[in-house]
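Below is one structure; the comments refer to it alone.
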Amino acid sequence: MTRCAVMGTGSWGTVFAMILADAGCEVTLWGRRQELADAINRDHVNRDYLPGLVLPAGIRATADAAEALAGADFAVLSVPSQTLRDNLALWAPLIEPQTALVSLMKGVELGTVKRMSEVIAEVAGVGPERVVVVSGPNLAGEIANRQPAATVVACADEAVAKRFQKACHTPYFRPYTNTDVVGCELGGAVKNVIGLAVGMANGMGLGDNTKATLITRGLAETTRLGLVLGADPHTFAGLAGMGDLVATCSSPLSRNNTFGTNLGRGMTLAETIAATSQTAEGVKSCESVLDLARRNGVDMPIVEAVVDVVHKGRPTQEVLEGLMARSAKPERR
C-alpha cells in the first residue's frame, strides 16, 4: 500500500488527504496543533476548515512531523507558499531517501522569485525526479463534496508522475500526467493574480466582457512568461493553465476572486485581510510574479495593475483606466 504524509491541515491539504485515502493510500495528516490532530482522530472532521466534511476513517492525524514522514512514499506539502522554506527546513532531516515530495502550493517565493519546486529542491536537497507538482481547477470546497474534477500531476520523471497519478486517482478525481513542471507551476501561480483582477472587476460591478478580457489577456501574460522560462506553450491551454484560470476567476469559492471582489467594492487592504479567513496566495505572489517577469524582460500589465492596487493603494478605477489607455497592439501572445 502506498503511504502518504500530507503536511498541512488547511482546506486543500485536508481534502487531498481525503482523495488519497479514497484512492486506497495509507494517509497521515500533519498539523501544527495537537488539539486539532486529536479532534480529527476522534471525530474524523477538521472543524477549523471543513466542518461539513467527514473524513475517511483510515486518515490518521498527528502533530509530530517525524511520525507523519516515517516511511512515506510521498510527502504532500500543503502550506502557504511563503512559509514553505521555513517549514521544509525543519522537515528535511526527517525525509527518507525513497520519499518523493509533492507540491500542492501555487506561488512564487518573495525575494528569490523561485517556484515552489525550486524551493523544495534547494531546501530538501533532492533532484527533479523526486519533486512532483499538482495543479489544476481544484476548488477544495467542491472536491470535498466529491464532485468530479481533474488535475495535472507534473514531474520531470514521467514514471514518478505516473506513480502519484495512481495514488490520487479516484472515481471523482482524475489526474493527468505532464513533464512540464515549469508551465504547470506558472499557470497555478499567475492565475491567483489574475483571479484578484477579475474579482476587482466583479466588485466594481463590471460585466462579463471585462472579466473575459482579463481572463484571456491574463492567460497571454502567463504564456509570455512561461515561454521565456522554458515552459511548453501547450500546458497553458490545458487544465493547469486555462482550466485553473477559469475556475479561479469564475467561482465565489476562489479565495483570490473573493479577495479581489472586496477590494473592488472599496474595502481597504487591511479590511479585506481581516475579512479573509484563509490565505489568498495572489496577494503576496503578485509582487514576486511581477519581480520574476521584470527580471526576464516580460511585460505583464495586469499583474502590475494588481500590485498597484494591492500594495500601492491605487484606486481600482484609476488602474482600470490605465490598462484601457495602453497603446493598442496586434493581438498576440
Side-chain angles (χ1 to χ4, degrees), residues 4-14 16-17 28-33 49 62-70 72 74-97 99-135 154-156 160 164 181-193 225 229-231 255-256 273 276 278-296 303 307 310-311:
C4 297
V6 178
M7 310 299 286
T9 53
S11 297
W12 187 213
T14 302
F16 210 86
T28 303
L29 180 60
W30 173 87
R32 292 190 309 274
R33 293 181 290 119
Y49 291 100
T62 181
D64 184 341
E67 179 185 354
L69 291 165
F74 295 99
V76 180
L77 309 177
S78 184
V79 295
S81 60
Q82 303 304 329
T83 73
L84 172 61
R85 182 177 293 274
D86 289 343
N87 279 304
L88 190 53
L90 297 174
W91 300 333
L94 309 173
I95 296 170
E96 299 182 5
T99 304
L101 304 176
V102 181
S103 171
L104 299 188
M105 297 151 296
K106 298 177 178 180
V108 174
E109 189 176 45
L110 288 164
T112 69
V113 300
K114 291 182 183 291
R115 293 173 284 107
M116 296 296 98
S117 66
E118 294 177 303
V119 175
I120 292 169
E122 177 185 329
V123 177
V126 299
E129 74 285 351
R130 285 180 60 191
V131 182
V132 181
V133 169
V134 175
S135 191
C155 181
V160 176
F164 194 68
V181 172
V182 175
C184 287
E185 286 193 292
L186 287 178
V190 182
K191 64 95 186 183
N192 286 330
V193 185
L225 180 61
L229 296 177
R255 303 169 194 173
N256 293 283
I273 291 173
T276 305
Q278 298 189 54
T279 302
E281 291 283 11
V283 174
K284 290 186 177 179
S285 286
C286 62
E287 288 187 294
S288 51
V289 168
L290 183 59
D291 189 6
L292 179 63
R294 286 173 170 169
R295 293 188 193 192
N296 287 277
V303 173
V307 172
V310 174
H311 295 288

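Just so it is clear, the model here is predicted, and its values are computed rather than measured.
- Between Arg295 and Val113, the closest heavy-atom pair is NH1-CG2, 3.6 Å.
- The two residues Val131 and Ser117 have their closest heavy-atom pair at CG1-CB, 3.7 Å.
- The two residues Leu29 and Ala17 come nearest to each other via the heavy atoms CD1-CB, 4.2 Å.
- Nearest heavy atoms, Cys155 versus Glu129: SG-O, 3.8 Å.
- For the pair Ser81 (side chain) and Met105 (backbone), a donor-acceptor distance under 3.5 Å is absent.
- Closest non-hydrogen pair, Thr62 versus Ala68, comes out as CG2-CB, 3.8 Å.
- Using bins of under 30°, 30° to 60° and over 60° for the plane-to-plane angle, the ring pair Trp91/Trp30 lands in the perpendicular bin.
- Annotation: the span from Asn87 atom CG to Leu77 atom CG amounts to 9.0 Å, rounded to 0.5 Å.
- Here the OG atom belonging to Ser103 is positioned 7.0 Å from the CE atom belonging to Met116, to the nearest 0.5 angstrom.
- Atoms CD1 and CD1, on Ile120 and Ile95 in that order, are 9.0 Å from each other to the nearest 0.5 Å.
- Contact of the Phe16 side chain with the Val102 side chain is not registered, since no non-hydrogen atoms from C-beta on lie closer than 4.5 Å.
- Side-chain contact between Glu109 and Glu118: absent, with no pair of heavy atoms (C-beta onward) separated by less than 4.5 Å.
- Put simply, the side chain of Ser285 does not reach to within 4.5 Å of the side chain of Asn192, judged on heavy atoms.
- One finds the CZ atom of Arg255 at 10.5 Å from the CH2 atom of Trp12 (value rounded to the nearest 0.5 Å).
- Using a 4.5 Å heavy-atom threshold, the side chains of Glu287 and Leu110 count as touching.
- Val108 pairs in a side-chain contact (heavy atoms from CB on, under 4.5 Å) with only one of the listed residues (Val119, Val289, Val190), which is Val289.
- Under a 3.5 Å cut-off, the side chain of His311 and the backbone N or O of Lys284 do not form any donor-acceptor pair.
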* Is there a side-chain contact (heavy atoms from CB on, under 4.5 Å) between Leu292 and Leu229 once you walk through the steps? -> CA-CA 10 Å; Leu292 179 63; Leu229 296 177; 3.9 Å; yes

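- For the pair Val133 and Cys184, the tightest heavy-atom approach, listed with the atom from each and the gap, is CG1-CB, 4.5 Å.
- Looking only at side-chain heavy atoms (C-beta outward), Arg115 and Val181 come within less than 4.5 Å of each other.
- In this structure, the side chains of Val160 and Arg130 stay at 4.5 Å or more apart for every pair of heavy atoms.
- In this structure, Leu69 and Met7 have side chains that are in contact, with non-hydrogen atoms separated by less than 4.5 Å.
- Residue Lys114 places its NZ atom among more than 12 non-hydrogen atoms of other residues, nucleotides or ligands, all under 6.0 Å distant.
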